[in-house]
S.K.: 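The following block contains the structure, expressed as structure tokens.
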Amino acid sequence: MKNIVLIGMPGSGKTTFGRYLAEMLRRDFIDADPEIEKDAGRSIPELFEDGEDVFREAESATVLRLAALQGKVLAMGGGVVLRPENITRLHRTGMIIFLDRAPADIIKDVDTTTRPLLTAGRERIFNLYAQRQQLYLAAADCVVPNRGPVKEVLKQLFQAVKDLNLA
């Protein structure tokens with residue numbers, strides 16, 4: 001059974017919708033961020049203190065492990081698309097869904113102080129989106145816009161999963 005892999009910006013809803021989806025489909029849910037911390041033995045902010053490359057190496061090692069699993073719902077970190085090998089690995093055992101949420105919506109309800117790449121402020125979110133949007137689109141088997149009420153987005157996400165023959 002293929003994995004369902006959720007990608008998108010920090011604050012796009014990957015963890016929230018991943019949990020809902022896993023419950024609906026009776027699959028295990030795995031959020032990559034806590035897994036990276038567990039594998040590295042350090043928090044994500046601590047990894048970033050040594051540089052983004054140190055964090056990306058830890059992230060890629062965790063992606064390698066998670067991509068070997070089957071039948072899971074995986075919520076990946078926002079920058080997983082920055083390394084093509086991550087996407088190649090995730091595609092081997094899963095279908096990738098891009099949860100596309102507008103930067104202005106992310107700003108409304110995400111605590112940027114807890115996200116290392118977003119601590120630079122609101123403009124950083126717009127810049128990251130501009131840098132990554134094409135990477136998300138290129139990696140995705142399907143795009144689900146995260147706009148509107150949670151129930152509506154979840155309905156669209158579930159329909160996408162059905163359309164990809166994953167339900």
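Quantities reported herein were computed from a predicted structural model and do not represent experimental measurements.
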S.K.: Would you sort out whether Glu59 and Val80 count as a side-chain contact (heavy atoms from CB on, under 4.5 Å), showing the intermediate values?
M.R.: CA-CA 7 Å; Glu59 179 180 52; Val80 72; 4.0 Å; yes
S.K.: Which pairs with one or both residues in residues 6-27 pass ring-ring contact (aromatic ring centres under 6.0 Å, His included), sequence neighbours excluded?
M.R.: none
S.K.: When you measure from the side chain of Asn3 to the backbone N and O of Lys72, does any donor-acceptor pair fall under 3.5 Å?
M.R.: yes
S.K.: Any chance you could measure Thr62, atom OG1, to Ile30, atom CD1, to the nearest 0.5 Å?
M.R.: 11.0 Å
S.K.: Side chains of Arg65 and Glu35, heavy atoms from C-beta outward: is any pair under 4.5 Å?
M.R.: yes
S.K.: Are any of the side-chain heavy atoms of Phe55 and Asp53 separated by less than 4.5 Å?
M.R.: no
S.K.: Is there a side-chain contact between Ile96 and Ile87, using heavy atoms and a 4.5 Å cut-off?
M.R.: yes
S.K.: Quick one, Glu85 and Ser60 - any side-chain contact, counting heavy atoms below 4.5 Å?
M.R.: yes
S.K.: For residues 159-167, run the donor-acceptor check on the side chains, cut-off 3.5 Å, and write out each pair with its distance to 0.1 Å, sequence neighbours left out.
M.R.:
from   : atom 1 : to     : atom 2 : distance (Å)
Gln159 : NE2    : Asp163 : OD1    : 2.8

S.K.: Spell out, yes or no, whether Ile7 and Leu66 are grouped together once hydrophobic residues are joined by side-chain heavy atoms under 4.5 Å, including indirect joins.
M.R.: yes
S.K.: Say whether Met1 and Met24 are linked into one hydrophobic cluster, either directly or through other cluster members, by side-chain heavy-atom distances under 4.5 angstrom.
M.R.: no
S.K.: Can Asn146 and Ser12 be counted as having a side-chain donor-acceptor contact under 3.5 angstrom?
M.R.: no
S.K.: Transitively linked via ILVMFWY side-chain contacts under 4.5 Å: Leu64 with Val81?
M.R.: no
S.K.: Quick one, Asp28 and Leu69 - any side-chain contact, counting heavy atoms below 4.5 Å?
M.R.: no
S.K.: Among the clusters formed by ILVMFWY side chains lying less than 4.5 Å apart, do Val143 and Val153 turn up in the same one?
M.R.: no
S.K.: Passes salt bridge (Lys or Arg N to Asp or Glu O under 4.0 Å), Glu52 versus Arg56? Steps please.
M.R.: CA-CA 6 Å; Glu52 187 174 347; Arg56 295 291 167 212; 3.0 Å; yes
S.K.: Let me have the donor-acceptor pairs involving side chains of residues 41-51, under 3.5 Å, with sequence neighbours excluded, atom names and distances please.
M.R.:
from  : atom 1 : to    : atom 2 : distance (Å)
Arg42 : NH1    : Asp50 : OD2    : 3.0
Arg42 : NH2    : Glu46 : O      : 2.9
Arg42 : NH2    : Asp50 : OD2    : 2.6
Ser43 : OG     : Glu46 : N      : 3.1
Ser43 : OG     : Glu46 : OE1    : 3.4
Glu46 : OE1    : Ser43 : N      : 2.9

S.K.: Can you check whether Val5 reaches Met76 side chain to side chain, under 4.5 Å on heavy atoms?
M.R.: yes
S.K.: Would you say Ile97 and Asp141 make side-chain contact, with heavy atoms under 4.5 Å?
M.R.: no
S.K.: Check this for me: does any side-chain nitrogen of one of Arg147 and Asp105 sit under 4.0 Å from a carboxylate oxygen of the other?
M.R.: no
S.K.: Evaluate the side-chain proximity of Asp100 to Val144: yes if any heavy-atom separation is below 4.5 Å, no if none is.
M.R.: no
S.K.: So how far is it from Leu157 CG to Leu6 CG, rounded to the nearest 0.5 Å?
M.R.: 6.0 Å
S.K.: Salt bridge (charged side-chain N to carboxylate O under 4.0 Å, His left out) with Glu57: which residues, sequence neighbours excluded?
M.R.: Arg83
S.K.: Determine, step by step, whether Ile4 and Leu74 satisfy the side-chain contact (heavy atoms from CB on, under 4.5 Å) criterion, reporting the C-alpha distance in whole Å, the side-chain angles of both residues, the deciding distance to 0.1 Å, and the verdict.
M.R.: CA-CA 6 Å; Ile4 299 167; Leu74 305 173; over 6 Å; no
S.K.: Which residue pairs satisfy the ring-ring contact (aromatic ring centres under 6.0 Å, His included) criterion with at least one member in residues 132-167, sequence neighbours excluded?
M.R.: Phe98-Tyr136
S.K.: Sequence neighbours left out, what pairs pass ring-ring contact (aromatic ring centres under 6.0 Å, His included) with at least one residue falling in residues 56-84?
M.R.: none
